[in-house]
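The structure appears below as structure tokens.
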Amino acid sequence: MTSTVADLMRRNLLDVFNEPDPGRRAAAIAETYAEDVVWHEPDRVVRGREALAQRAAELRAQSPDWVFRPDGLVSVGDDLGHLGFRYGPAGRPPVVTGMDIAHCRDGVIVELYTLVTEVAGPA
């Protein structure tokens with residue numbers, strides 16, 4: 001079964017970066033990304049599934065009670081997908097907002113860009 005671009009965008013946000021269980025997250029990573037995926041974060045570039053898995057685990061460890069929430073619907077244009085996100089403590093207003101843009105090929109994400117659009121200041 002080939003995943004659609006929209007499916008991949010939702011899986012990226014919810015099944016990978018929101019998943020606290022390492023085994024389920026690893027399975028989602030294997031289904032969602034190419035082996036040689038390249039992920040562009042605002043402050044670094046991550047190359048390969050293993051490095052992406054390690055970085056996802058680091059993000060979960062930094063803020064274990066925080067969750068990603070979609071911000072709007074997935075936008076798709078050919079092999080590109082876009083999904084906005086909100087990130088912060090569960091049940092509270094987001095601390096960070098941004099978007100993921102992905103280039104997909106053959107049912108997986110081959111390149112992912114994460115852009116942060118707003119970081120809330122101290123209250």
Side-chain angles (χ1 to χ4, degrees):
M1 178 178 94
T2 301
S3 296
T4 67
V5 172
D7 292 338
L8 292 169
M9 296 307 297
R10 286 186 291 270
R11 193 177 305 146
N12 168 70
L13 187 67
L14 302 174
D15 296 348
V16 174
F17 289 96
N18 247 12
E19 180 53 62
D21 180 83
R24 286 194 298 260
R25 187 171 52 245
I29 287 170
E31 294 175 1
T32 305
Y33 308 96
E35 184 68 40
D36 59 349
V37 63
V38 178
W39 176 25
H40 303 264
E41 287 189 87
D43 63 342
R44 71 190 80 198
V45 177
V46 176
R47 297 179 188 282
R49 268 193 213 147
E50 283 187 31
L52 185 142
Q54 180 178 350
R55 181 67 181 128
E58 289 171 4
L59 288 171
R60 293 284 317 162
Q62 286 172 1
S63 303
D65 297 328
W66 287 25
V67 295
F68 283 96
R69 296 175 294 253
D71 191 11
L73 300 174
V74 176
S75 301
V76 176
D78 294 323
D79 58 359
L80 295 177
H82 162 272
L83 181 58
F85 64 80
R86 294 173 281 152
Y87 183 55
R92 310 243 353 244
V95 176
V96 178
T97 58
M99 67 185 77
D100 289 323
I101 301 169
H103 177 211
C104 304
R105 184 180 324 120
D106 300 327
V108 293
I109 294 173
V110 296
E111 196 154 16
L112 177 65
Y113 294 83
T114 297
L115 306 172
V116 173
T117 56
E118 184 176 333
V119 177

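For the numbers below, each heavy atom of this structure counts, side chains included, while hydrogens, waters and symmetry mates do not.
To the nearest 0.5 Å, atom OG1 of residue T114 and atom CG of residue L59 are 9.0 Å apart. Rounded to the nearest 0.5 Å, atoms CE (M9) and OG (S75) are 9.0 Å apart. Going from atom CZ of R11 over to atom OG of S3 covers 3.5 Å, rounded to the nearest 0.5 Å. Rounded to the nearest 0.5 angstrom, T32 OG1 and D15 CG are separated by 6.5 Å. Here the CZ atom belonging to R10 is positioned 14.5 Å from the CG atom belonging to N18, to the nearest 0.5 angstrom.
Formation of a donor-acceptor pair under 3.5 Å by the E41 side chain with backbone atoms of D43 is not found in this model. Looking only at distances, no side-chain donor or acceptor of R25 sits under 3.5 Å from a matching main-chain atom of V16.
Identified under the salt bridge (Lys or Arg N to Asp or Glu O under 4.0 Å) test for residues 56-77, with sequence neighbours left out: R55-E58, D71-R86.
Linking Ile, Leu, Val, Met, Phe, Trp and Tyr whenever their side-chain heavy atoms come within less than 4.5 Å puts V96 and L14 in one cluster. No path of Ile, Leu, Val, Met, Phe, Trp and Tyr side chains, each step under 4.5 Å between heavy atoms, connects L83 with V108, placing them in separate hydrophobic clusters.
Within the 4.5 Å cutoff, the side chain of I101 has heavy atoms near those of the M99 side chain.
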(message) As a quick check of understanding, evaluate side chain to side chain contact (heavy atoms under 4.5 Å, CB included) for L52 and Q54, giving each step before the final call.
(response) CA-CA 5 Å; L52 185 142; Q54 180 178 350; over 6 Å; no
(request) Evaluate side chain to side chain contact (heavy atoms under 4.5 Å, CB included) for L80 paired with V5, printing each intermediate quantity in order. (result) CA-CA 7 Å; L80 295 177; V5 172; over 6 Å; no
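Within 6.0 Å of CZ on R44 lie more than 12 heavy atoms contributed by other residues, nucleotides or ligands. Within a 6.0 Å radius of CD in E50, other residues, nucleotides and ligands contribute 12 heavy atoms or fewer. Residue D78 places its CG atom among 12 or fewer non-hydrogen atoms of other residues, nucleotides or ligands, all under 6.0 Å distant. Heavy atoms from other residues, nucleotides or ligands lying under 6.0 Å from CG of L115 number more than 12.
Residues L8 and G107 share a closest heavy-atom pair of CD2-O, 3.6 Å. Counting all heavy atoms, side chain and backbone alike, V110 lies closest to A34 at CG1-CB, 3.9 Å.
Ring-plane geometry between Y87 and F68 is classed as parallel, the angle between the planes falling under 30 degrees on a 0 to 90 degree scale with a further cut at 60.
Side-chain polar atoms of H103 and D79 form a donor-acceptor pair below 3.5 angstrom.
Between W66 and F85, the gap from one ring centroid to the other reaches at least 6.0 Å.
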